[in-house]
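Start at 1 and go down the list; that is how both ligands and their atoms are numbered.
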Amino acid sequence: MEDMNADRALLVATGVRKIYRTGSVEVTALLDLDLLVHHGEMVAVMGPSGSGKTTLLNCLSGLDDIDGGRVEVDGHDLFAMSDAARTEHRAHTMGFVFQAFNLIPVFSAVENVELPLLLVGTRPREARGRALDMLDRVGLGHRVEHRPSEMSGGEQQRVTIARALAGRPAIVWADEPTGNLDSAMAEQVMDLLCALNRDEGQTIVLVTHDSAIGARVPRLIRMRDGQLVDDVRQAVTAPAAIRDIPTG
Ligand SMILES: Nc1ncnc2c1ncn2[C@@H]1O[C@H](COP(=O)(O)OP(=O)(O)O)[C@@H](O)[C@H]1O
Ligand SMILES: [Mg+2]
C-alpha cells in the first residue's frame, strides 16, 4: 500500500465492556472487546441482529459511554476527555453515515453537506467550496441544488457520505448504510465507499448484517453475543473508479 500512514494504528480498543441496564435487567452488549484498526483500512463488522454491532460503533466512536476498557482514536483516549472535548474531537476526526439519511429536508444537498463545517467554525466561503468538492467526489456535482425529496435514496445516501467526508475525518463509521436502499443502489453506495477506501485511503468501519456487503470489504470481523469471534482479511473484487459509478 502506498499510503505512508498505513501502518499507524488509528483505533485502539482494549477490553471494552458495555452493559445496558433497563430496570433490573442487564444486557452485556460488549464483553471485553479488543480491536485495532490501522489508518487506511476498511473493516466490515457482521453478525446477527442483537450481536452488538451498533453498540460497538456507538462505543468505539464515543457516541455512547462504556462500562470498562479503553478506546483510543487518533492518539486520544476518548473516555479520558470531557464530554465537550470528546464532541470536539469527534467533529474533527470522525464522519458518520447511518441507515436513515438524517438529511435536513428544507436544505439543498450542498447546504446539508456544509452544515457540519459551519458548525465547527469553518468560514462560509470555504465551507461552500469544500461541500461542492465533496459532492463532486461522490458523483453528485449535478445535484448540488436538489433537496433530499428531489433525489433517489441512493443519491441521498451519497449526500450523507459527502457530509461525512467534508470535515476530512480520519475515520468514517457507517451503520447499515445500505439498509434503506434497493440492491442496485446499495451496490452503487458500496462501490463508492470501497473506492474512497482504495483510491483515497479513507479509513472506514462499516456495520452490516448483509453477507453480500461483507464480502466486498477487505477485512471482515464477525460478532456474536458482544464478542468478536472472527477477524479475516479477504481478497475482494476491485470497485469501479469513483468517476465511473453511475448515479440513480
Ligand atoms: N439502548 C438500549 N437499551 C437496552 N438494551 C439495548 C440498547 N441498545 C441495544 N440493546 C441490547 O444490546 C444488544 C446489542 O444490540 P445492538 O448493538 O443494537 O445489536 P446489533 O446492531 O448487532 O443488532 C441487544 O441485546 C440489544 O437488545
Ligand atoms: Mg444495529
Side-chain angles (χ1 to χ4, degrees), residues 10-37 41-73 78-79 83 86-87 90 94-103 153-154 156-158 160-161 163-164 169 171-183 185-187 189-190 192-194 197 203-232 234:
L10 172 57
L11 167 76
V12 186
T14 37
V16 174
R17 186 174 288 211
K18 175 69 179 178
I19 299 166
Y20 290 112
R21 293 184 181 84
T22 313
S24 59
V25 179
E26 286 195 352
V27 174
T28 303
L30 297 178
L31 183 57
D32 301 340
L33 184 138
D34 299 327
L35 180 64
L36 182 65
V37 176
E41 277 198 294
M42 182 168 185
V43 183
V45 180
M46 288 196 63
S49 179
S51 58
K53 304 182 298 296
T54 294
T55 304
L56 172 129
L57 187 149
N58 290 344
C59 288
L60 300 194
S61 62
L63 285 174
D64 205 351
D65 274 329
I66 59 177
D67 296 283
R70 188 184 146 88
V71 180
E72 204 178 284
V73 177
L78 292 188
F79 299 102
D83 285 355
R86 186 156 64 242
T87 302
R90 186 186 311 126
M94 304 182 193
F96 291 87
V97 179
F98 297 107
Q99 177 170 352
F101 311 134
N102 299 324
L103 294 169
Q156 289 180 60
Q157 194 60 307
R158 283 170 182 246
T160 73
I161 293 169
R163 182 181 59 187
I171 186 165
V172 170
W173 302 97
D175 192 355
E176 306 276 6
T178 61
N180 271 336
L181 302 177
D182 68 36
S183 59
M185 286 185 193
E187 180 96 355
V189 164
M190 278 308 292
L192 176 61
L193 290 171
C194 292
N197 171 255
T203 308
I204 300 173
V205 176
L206 175 151
V207 163
T208 181
H209 65 272
D210 182 340
S211 54
I213 295 204
R216 297 200 47 182
V217 176
R219 181 176 172 198
L220 178 59
I221 282 171
R222 285 181 199 280
M223 291 190 73
R224 195 186 309 134
D225 298 334
Q227 292 182 289
L228 297 188
V229 291
D230 201 20
D231 184 354
V232 296
Q234 54 184 4

**Asked** Of all the atoms in ligand 1, which lie at a distance below 4.0 Å from a heavy atom belonging to T22?
**Response**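 Answer, ordered by atom number: 4 (C).
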**Asked** Quick one: CZ on R21 to OG1 on T28, what's the gap to the nearest 0.5 Å?
**Response** 8.5 Å
**Request:** Report yes or no: does D230 contribute a side-chain atom to a donor-acceptor pair with the main-chain N or O of I221 at less than 3.5 Å?
**Result:**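 No; judged by distance alone, with no hydrogens or angles, the pair does not exist.
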**Asked** Counting heavy atoms only, which part of T55 comes closer than 4.0 Å to ligand 1: side chain, backbone, both or neither?
**Response**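 Both the backbone and the side chain of T55 come within reach of ligand 1.
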**Prompt:** Is it true that some N/O/S atom of T54, main chain or side chain, lies under 2.8 Å from the Mg ion (ligand 2)?
**Reply:** yes
**Message:** Any heavy-atom pair between the side chains of P177 and L206 that's under 4.5 Å?
**Reply:**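 Result yes, sub-4.5 Å side-chain heavy-atom pair found.
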If you have a sec, work out which protein heavy atom is nearest [atom] and how many Å separate them, to one decimal?
atom                    : result
atom 25 (O) of ligand 1 : V27 CG1, 3.7 Å
atom 4 (C) of ligand 1  : Y20 CB, 3.3 Å
atom 18 (O) of ligand 1 : T54 CB, 3.8 Å
atom 13 (C) of ligand 1 : G50 O, 3.6 Å

**Request:** Determine the sole option in L181, D210, T178, T208 for which the side chain to side chain contact (heavy atoms under 4.5 Å, CB included) test with M190 is passed.
**Result:**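 Testing each of L181, D210, T178, T208 against M190, the sole residue satisfying side chain to side chain contact (heavy atoms under 4.5 Å, CB included) is T178.
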**Asked** Are any of the protein's heavy atoms under 4.0 angstrom from atom 27 (O) of ligand 1, yes or no?
**Response** no
**Message:** Counting only heavy atoms, tell me which of M223, K53, M46 gets closest to atom 22 (O) of ligand 1.
**Reply:**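 Ranked by closest heavy atom to atom 22 (O) of ligand 1, first place is K53.
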**Item:** Option set G226, A29, G52, C59, criterion heavy-atom distance to atom 19 (O) of ligand 1, minimum
**Value:** G52
**Message:** Looking at ligand 1, would P48 count as a contact under a 4.0 Å heavy-atom criterion?
**Reply:** yes
